[in-house]
Amino acid sequence: MHEEIEITTEYIALGQFIKLANVLESGGMVKAFLQEEGVLVNQEREHRRGRKLYPGDIVDVEGIGSYKVIKA
């Protein structure tokens, strides 16, 4: 099951989404984590902080959880 994270905009950058979901606390931590580990966005490995996420996208952070972007 995915934890649903609401956004109020058309899209959100992956780095901002990770902070919004309280996965990591700072931008620096997000940058390092994405460069080293990456996450799965809709089942594809992603390392870019600027990747645009839209409602319906699924973000899987290994060992932490699975999140679904929803429109508020």
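This structure is a prediction, so every number in the text was calculated from the model and none was measured.
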To the nearest 0.5 Å, tell me how far [X] [atom1] sits from [Y] [atom2].
| X | Y | atom1 | atom2 | result |
| --- | --- | --- | --- | --- |
| Gln43 | Asp60 | CD | CG | 6.5 Å |
| Leu53 | Leu14 | CG | CG | 5.0 Å |
| Lys71 | Glu10 | NZ | CD | 7.5 Å |
| Ile70 | Glu3 | CD1 | CD | 10.0 Å |
| Glu37 | Arg45 | CD | CZ | 8.0 Å |

Can you hop from [X] to [Y] via hydrophobic side chains spaced under 4.5 Å?
| X | Y | answer |
| --- | --- | --- |
| Leu34 | Leu20 | yes |
| Val41 | Ile64 | yes |
| Tyr54 | Ile18 | no |

Closest heavy-atom pair, Lys19 versus Val30, reported as atoms and distance to 0.1 Å, is CG-CG2, 3.8 Å
Do Phe17 and Asp57 come within less than 4.5 Å of each other through their side chains, counting heavy atoms only?
no
If we only count heavy atoms from C-beta on, is the Val61 to Phe33 side-chain gap below 4.5 Å?
yes
Arg51 meets the side chain to side chain donor-acceptor pair (under 3.5 Å) criterion, sequence neighbours left out, with Glu46
Run the side chain to side chain donor-acceptor pair (under 3.5 Å) test against His47 and tell me which residues pass, sequence neighbours left out.
none
For Gln35, which residues count as a side chain to side chain contact (heavy atoms under 4.5 Å, CB included) partner, sequence neighbours excluded?
Lys31
Lys68 side-chain N/O to Ile5 backbone N/O, donor-acceptor pair under 3.5 Å
no
Atom OH of Tyr11 with >12 non-hydrogen neighbours under 6.0 angstrom
no
